Amino acid sequence: MSLKTHVIFDSVRAVFARNAEMIGGSMARKEKARRLMTRIVNVLSARMEMGSPMVCMYLLGHPDHYKSHRFAVFYWQSYVREARRFWHEDDPHCDMMPPDKVALIKRRGRIVGLSPVYDYIYRPVELSDICLYDWVRRCCRVKLPNKAIENNVSESAYESDATTARTEKVGLFAMLKCHPLSDTHRTRSVAEKDALVPNFAGPILPRPDQGDREYYCSVM
């Protein structure tokens, strides 16, 4: 069983912290490196030893942690870049952002780039009034079974929420034809009670009292 990434980095940090005096000493660099690597390997080996309760949890398919909410990773910079490029062709903020990563797929004999931003840009007509924040919380792209693709299936429903006196759109909805995966995928929308909590990944969100006010407003 492999260690979690944060456990590995924590082990390396602990070894460097405990051997700060040796690192700053007069020993040869080659010998320092050899000793550090030996101790890092020893620490990682010790942490890979798992107790019987943890092994049983893995074998029975139980989680190794519990949480009250489920989270959705949200890379917000890609959406900000896409929204701002129509008004700011030479945007200094976009120039500082890392380039977007897209998946290359073959559709109708052509190679096209697929970005998660497309899921929101070409969202179903039924979900055209949903904001980006709610989209991240409640919507995701799902692949249809081959049989459903042949029959061009699109299932949707409207679920009444008595507590908020509103109607929620839940189910599968067809994306706009401009989306590269419109023939084989659908957008699934879940009810508010099943919504996820967005986990904003990437740089720190801009603040209203610091930096470029216009950029902050566009991000918000």
Side-chain angles (χ1 to χ4, degrees), residues 69-91 93-162 164-203 205-206 215 217-220:
H69 296 76
R70 293 183 301 145
F71 298 86
V73 180
F74 176 44
Y75 296 96
W76 59 273
Q77 272 193 321
S78 300
Y79 295 86
V80 174
R81 188 208 311 269
E82 186 67 25
R84 286 178 62 90
R85 72 184 183 90
F86 289 97
W87 290 276
H88 305 275
E89 294 183 0
D90 300 323
D91 190 353
H93 294 284
C94 292
D95 294 338
M96 292 185 294
M97 296 180 186
D100 284 337
K101 294 182 179 181
V102 298
L104 298 179
I105 60 173
K106 187 174 183 180
R107 280 292 179 271
R108 302 183 182 94
R110 296 192 308 161
I111 302 297
V112 297
L114 179 64
S115 170
V117 182
Y118 294 167
D119 294 346
Y120 183 70
I121 296 176
Y122 305 120
R123 62 189 181 276
V125 176
E126 295 86 349
L127 303 175
S128 59
D129 59 344
I130 190 172
C131 67
L132 179 59
Y133 186 80
D134 287 337
W135 170 270
V136 175
R137 295 172 58 243
R138 295 179 46 201
C139 299
C140 66
R141 184 181 69 216
V142 295
K143 190 178 188 304
L144 291 174
N146 292 333
K147 187 175 181 180
I149 295 174
E150 296 173 359
N151 297 330
N152 194 21
V153 171
S154 181
E155 301 175 355
S156 61
Y158 294 85
E159 184 174 289
S160 177
D161 187 350
T164 58
R166 68 179 182 181
T167 300
E168 293 183 339
K169 299 172 183 176
V170 300
L172 294 179
F173 299 91
M175 296 178 286
L176 299 182
K177 288 298 182 182
C178 301
H179 197 292
L181 301 178
S182 60
D183 295 335
T184 58
H185 291 68
R186 294 291 182 268
T187 295
R188 180 183 299 282
S189 175
V190 301
E192 179 67 27
K193 60 184 178 64
D194 299 320
L196 307 178
V197 178
N199 177 21
F200 288 80
L205 290 169
Y215 180 65
C217 294
S218 65
V219 173
M220 292 301 107

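This is a predicted model, so every value here is computed, not measured.
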- Taking ring pair (Phe, Tyr, Trp, His ring centres under 6.0 Å) as the test, write out the residues that go with Phe200, two or more places apart. Phe74

- Item | CG-CG distance between Asp119 and Leu127, expressed to the nearest 0.5 angstrom | 12.0 Å

- Quick one: list whatever passes salt bridge (charged side-chain N to carboxylate O under 4.0 Å, His left out) with Asp194, sequence neighbours left out. none

- Query: Listed by chain and number, what are the ring pair (Phe, Tyr, Trp, His ring centres under 6.0 Å) partners of Tyr122, not counting sequence neighbours?
  - Reply: Tyr118

- Would you indicate whether the side-chain heavy atoms of Val136 and Trp76 approach each other to under 4.5 Å? no

- Least distance between heavy atoms, Pro198 atom then Tyr133 atom: CG-CE1, 3.7 Å

- Quick one: closest heavy-atom pair of Pro124 and Ala174, and the distance? CB-O, 3.2 Å

- Distance col, row Arg137:CZ vs Leu132:CG, nearest 0.5 angstrom, shows 12.0 Å

- What heavy-atom pair brings Tyr79 and Pro116 nearest, and what distance separates the two atoms? OH-O, 3.5 Å

- Indicate yes or no: at least one non-hydrogen side-chain atom of Lys177 is less than 4.5 angstrom from one of Asp183. yes

- Query: In this structure, which one of Arg70, His69, Arg138 forms a side-chain contact (heavy atoms from CB on, under 4.5 Å) with Leu196?
  - Reply: Arg70

- Task: Identify the heavy atoms of Ala191 and Val170 that sit nearest to each other, and give their distance.
- Result: N-CG1, 3.5 Å

- Message: Using 0.5 Å steps for rounding, measure from the CE atom of Met175 to the OH atom of Tyr120.
- Response: 15.5 Å

- Query: To the nearest 0.5 Å, what is the distance between NE2 (His179) and CD1 (Ile121)?
  - Reply: 9.0 Å

- Message: Rounded to the nearest 0.5 Å, what separates atom CZ in Arg123 from atom CD1 in Ile130?
- Response: 8.0 Å

- Item | Flag side-chain contact, heavy atom, 4.5 Å: Leu144 against Thr184 | no

